[in-house]
Amino acid sequence: MEDFILRALGEGGYLSKLVDGYSPRPPQIHISTKVGLALEEGRHLLCEAGTGTGKSLGYLIPAAKWAVSNNKTVIVCTHTIPLMTQIVNVELPRVQQILKMEKLNLRYQLVKGKSHYICRKKLEDLWQEMLRSASEEAKLVQRIYNKVNREMINDRTGLGFDIEDRLWMKISASSCPAITKPDNCLLEDLKEKMHKAHIIVTNHAYFFSDLIMRKKTGNGSLPDYDAVIFDEAHEIEDVCCQIFEKVVDVNRFEDLFEHLFKRESFNDLDRRTQLMLTQLRQSFQRKLDEIYAGVGQKMGKEAFRLLEEKIDVSEVCKMMGEFIDKIRSLNVRGVSDLLDKMHELNDALDFIGENSKRSWAYWAKVHHRNHVTLHAAPLFPKVVLAKGLFDQVPVILTSATMSTNGSFAFFAGRIGVKDYDSTIVGSPFDYERKTMIICPDDAPDPDSPKFNQYVVEKLEEILLYSGGRTLVLFTSFDSMTRVAQKFQPYCIDRGFNLLVQYPGCDREDIIRQLKTNPRSVVLGCSSFWTGVDVAGDALTTVVIVKLPFPHPDEPLIKAQIELLEKAKRSSFFDYMLPKMLIKLKQGFGRLNRSVHCQGAVIILDNRLRTKRYGALIKKSLPKCRYSEKLEDIVHILPV
């Protein structure tokens, strides 16, 4: 493997024949060697690689060689669509060419959730239905139909134009009306391609959804695999806990009953049987409503409440079980899908009611109009990953931000990987010469009522120096909205292109405007801390409004804190601070995306200066120049 990596990545090697001006990167060769060794020895590997090391190509080259040479299947998971697209459209075609020079043939396949794909049966039916219509929707359906049949497009993004969600749901492969799959079914074709592929590229959410299915049934929608590579691995914890979360809603039971009772096969039953089943349904719903009403009364005006005690759901779960058994005993046709969903929801209700696993958090949440939902989720991924993933196949975990103060202990402990090799590869970027961290000495406490106004005034001052080309990262949508409202008149008066993240916004369009319009200022939250890749002088200033500590008013985080405090451990130093450091490094990393980047990261949170842990925070970031005077930004911004 090491000889092959040098043939591929070394001086005058295969990659130099494919990329003009290529010169070997020792960090990339190091990553490749470590990944190749881990796969050959069947060991787990944690690899932190700074931006600019070329880590994706670094792990793909040995993974592809190992998979093709040994007839293995490797799953590569990313968190963001841009990285997934880069791997499939740029990196893997290069790797395929490299292996051809070794007389090896690499096959790879991109896989997304069913809802991303087109159902040919549904599209055909809709096209037939609208043949004589002259409406705008009919014209769009005709355009989609032509595209799918002439160019063999199979997914939403491949169409190349926008489709409203309302229309997309009519043709999406998320559910198919066909009893038997047609010969031209795209999902069946995809399944065949997956089974032939050496490398399958997907996202974290799809992989964990597949893992749930494997744990339940022994089989998943992905083919059996021999190794898994997680890129952007710092996102694993949040995605995994979200996917494994169980949610039980009264309305969901009602929806399933409605669908069941409207099925033609149900209407074929005799009146006496229909009446008996209706009575069973009503008894179940009355009892379930009583349980939820009791939970709601205990909550009072709380938005959510951690559930410390059991909820007695044994009777209602038994009633649902009897209802399902009765339907099955009647051999009602075409309802097995609904019965499976009812059974799964009933199991989730029983699990939450038992409240027996200390490694899970249980809570109730109140929505509008006092609507209560019940929830359970693992407190950390190790609960569900230690058995079922890490004990089955070698796993490579890589990211620019996994370690805290040079150690993987916090990250590895939370995801459940014990025996592993590790490596940290620094970035080739010249941070000391090209990056400055500024924490202004006039910042009020971040909890001060004056803080939002201070942020507005500071942003106005920053724009005097930067002239735009600025990304502002918030930890709260509410705070971001308030600042945006006060900041907007200033931007309008001075011709700045203010772009504010909002639910459902086109994130990629915002990033495109930041890249192309130098007068742009982006205010972002949540997803803008990662995946924003703007190289060169298009982005010269990143403003971090507050240190991104986890919000203790979220159920899972509150449960984490309580668990640590019960164990007489520091929830701040053992959880809040390490989690914050990982996210802070992600935000910091938005500035430096290539060797040509130069600018300032401005942190408006005075805890960096005033708290004892401030020195620890600075130490965790790349070594750069540091100032407490905003005017020093003139010494770092590119001319």
Side-chain angles (χ1 to χ4, degrees), residues 114 119 121-122 125 169-170 174-181 212-213 215-219 245-299 307 309-356 362 364-376:
K114 285 184 181 181
C119 173
K121 176 72 169 70
K122 289 165 77 172
D125 291 348
M169 289 305 294
K170 294 179 182 179
S174 53
S175 62
C176 178
I179 296 172
T180 56
K181 298 290 184 184
I212 289 174
M213 201 185 307
K215 282 175 172 281
K216 285 180 180 175
T217 67
N219 294 300
E245 181 181 339
K246 299 176 185 290
V247 183
V248 182
D249 185 342
V250 171
N251 291 348
R252 181 65 179 137
F253 274 114
E254 290 178 359
D255 288 344
L256 291 171
F257 276 125
E258 283 298 310
H259 282 96
L260 178 65
F261 278 50
K262 285 179 180 176
R263 289 279 169 98
E264 187 178 335
S265 53
F266 180 84
N267 292 325
D268 290 340
L269 297 170
D270 62 78
R271 297 291 297 168
R272 183 179 175 185
T273 303
Q274 287 185 26
L275 179 62
M276 178 265 293
L277 292 172
T278 300
Q279 289 172 340
L280 285 175
R281 168 187 176 177
Q282 290 171 345
S283 298
F284 170 83
Q285 288 183 305
R286 274 197 303 271
K287 184 64 180 174
L288 190 64
D289 286 341
E290 287 175 15
I291 291 170
Y292 272 74
V295 173
Q297 286 172 2
K298 288 181 180 179
M299 291 181 68
L307 301 172
E309 63 286 334
K310 292 185 178 184
I311 302 172
D312 187 3
V313 296
S314 56
E315 184 181 349
V316 73
C317 286
K318 183 181 178 184
M319 291 167 73
M320 174 51 72
E322 289 172 352
F323 178 86
I324 293 169
D325 289 343
K326 189 65 181 175
I327 295 283
R328 284 184 171 144
S329 71
L330 293 168
N331 294 318
V332 181
R333 293 176 294 101
V335 297
S336 60
D337 59 330
L338 291 174
L339 296 183
D340 287 345
K341 289 174 183 175
M342 284 182 164
H343 181 75
E344 187 176 337
L345 198 59
N346 200 42
D347 275 354
L349 178 61
D350 183 52
F351 181 88
I352 295 171
E354 278 296 310
N355 200 334
S356 58
Y362 303 82
K365 193 172 183 178
V366 176
H367 305 265
H368 58 89
R369 297 182 183 176
N370 297 321
H371 177 64
V372 177
T373 53
L374 299 178
H375 302 251

The complete set of salt bridge (Lys or Arg N to Asp or Glu O under 4.0 Å) pairs with one or both residues in residues 267-285, sequence neighbours excluded, reads Glu258-Arg281, Asp268-Arg333
Separation between CD (Gln279) and CG (Leu277), nearest 0.5 Å, reads 9.5 Å
Taken in chain and number order and not counting sequence neighbours, the residues that satisfy side chain to side chain contact (heavy atoms under 4.5 Å, CB included) with Ser314 are Asp312
Sorted by chain and residue number, the side-chain hydrogen bond (donor to acceptor under 3.5 Å, both in side chains) partners of Asp325 (sequence neighbours excluded) come out as none
Short question: side chain of Asn355, backbone of Glu309 - any donor-acceptor pair under 3.5 Å?
yes
Rounded to the nearest 0.5 angstrom, the CG-CD distance for Leu288 and Glu254 is 8.5 Å
- Taking C-beta and beyond as the side chain, do Val247 and Lys365 meet within less than 4.5 Å on heavy atoms? no
* More than 12 non-hydrogen atoms from neighbouring residues, nucleotides or ligands closer than 6.0 Å to NZ on Lys215, yes or no? -> yes
Donor-acceptor pairs under 3.5 Å, side chain of residues 334-343 to any protein atom, not counting sequence neighbours: which ones?
{"residue": "Asp337", "atom": "OD1", "partner": "Arg263", "partner atom": "NH1", "Å": "3.4"}
{"residue": "Asp337", "atom": "OD2", "partner": "Arg263", "partner atom": "NH2", "Å": "3.4"}
{"residue": "Asp340", "atom": "OD1", "partner": "Arg328", "partner atom": "NH2", "Å": "3.2"}
{"residue": "His343", "atom": "NE2", "partner": "Asp347", "partner atom": "OD2", "Å": "3.4"}

Quick note, ring-ring contact (aromatic ring centres under 6.0 Å, His included) partners involving residues 309-328, not counting sequence neighbours, are Phe257-Phe323
- Is the count of non-hydrogen atoms from other residues, nucleotides or ligands lying under 6.0 Å from Met213 atom CE greater than 12? yes
Sequence neighbours excluded, the answer for salt bridge (charged side-chain N to carboxylate O under 4.0 Å, His left out) partners of Glu245 is none
Sequence neighbours excluded, the answer for salt bridge (charged side-chain N to carboxylate O under 4.0 Å, His left out) partners of Arg252 is none
Looking only at heavy atoms, the pair that brings Val295 and Ala364 closest together is CG1-CB, 3.6 Å
Residues at least two apart in sequence or cross-chain that pass salt bridge (charged side-chain N to carboxylate O under 4.0 Å, His left out) with Glu322, listed by chain then number, are none
Could you check whether atom CD of Glu264 has more than 12 heavy atoms from other residues, nucleotides or ligands sitting under 6.0 Å from it? no
State, with a plain yes or no, whether a side-chain heavy atom of Leu260 is found less than 4.5 Å away from one of Ile327.
yes
For Lys287, the side chain to side chain contact (heavy atoms under 4.5 Å, CB included) test, sequence neighbours excluded, returns Glu290, Glu315, Val316, Met319
Those residues at least two apart in sequence (or on a different chain) that pass salt bridge (charged side-chain N to carboxylate O under 4.0 Å, His left out) with Lys216 are Glu344
_Using the rule given for side-chain contact (heavy atoms from CB on, under 4.5 Å), can you reason through His371 versus Asn251, listing the C-alpha separation, both sets of side-chain angles and the distance that settles it, and then say yes or no?_
CA-CA 9 Å; His371 177 64; Asn251 291 348; 3.4 Å; yes
*Can you find a pair of side-chain heavy atoms, one from Ile291 and one from Leu349, that are under 4.5 Å apart?*
no
For Asn331, the side chain to side chain contact (heavy atoms under 4.5 Å, CB included) test, sequence neighbours excluded, returns none
Residue set satisfying side chain to side chain contact (heavy atoms under 4.5 Å, CB included) with Ala348, at least two apart, ordered chain then number -> Lys246, Val248
Between Ala376 and Ile352 the two heavy atoms that sit nearest each other are CB-CG1, 3.7 Å
**Item:** Chi angles and distances behind the side-chain contact (heavy atoms from CB on, under 4.5 Å) call for Leu374, Ile311
**Value:** CA-CA 10 Å; Leu374 299 178; Ile311 302 172; 4.3 Å; yes
So CG of Leu275 and CG of Leu280: to nearest 0.5 Å the spacing works out to 10.0 Å
Closest non-hydrogen contact found for Ser265 with Val332 is OG-CG1, 3.5 Å
Of all heavy-atom pairs linking Ser356 and Tyr362, the shortest is N-OH, 3.5 Å
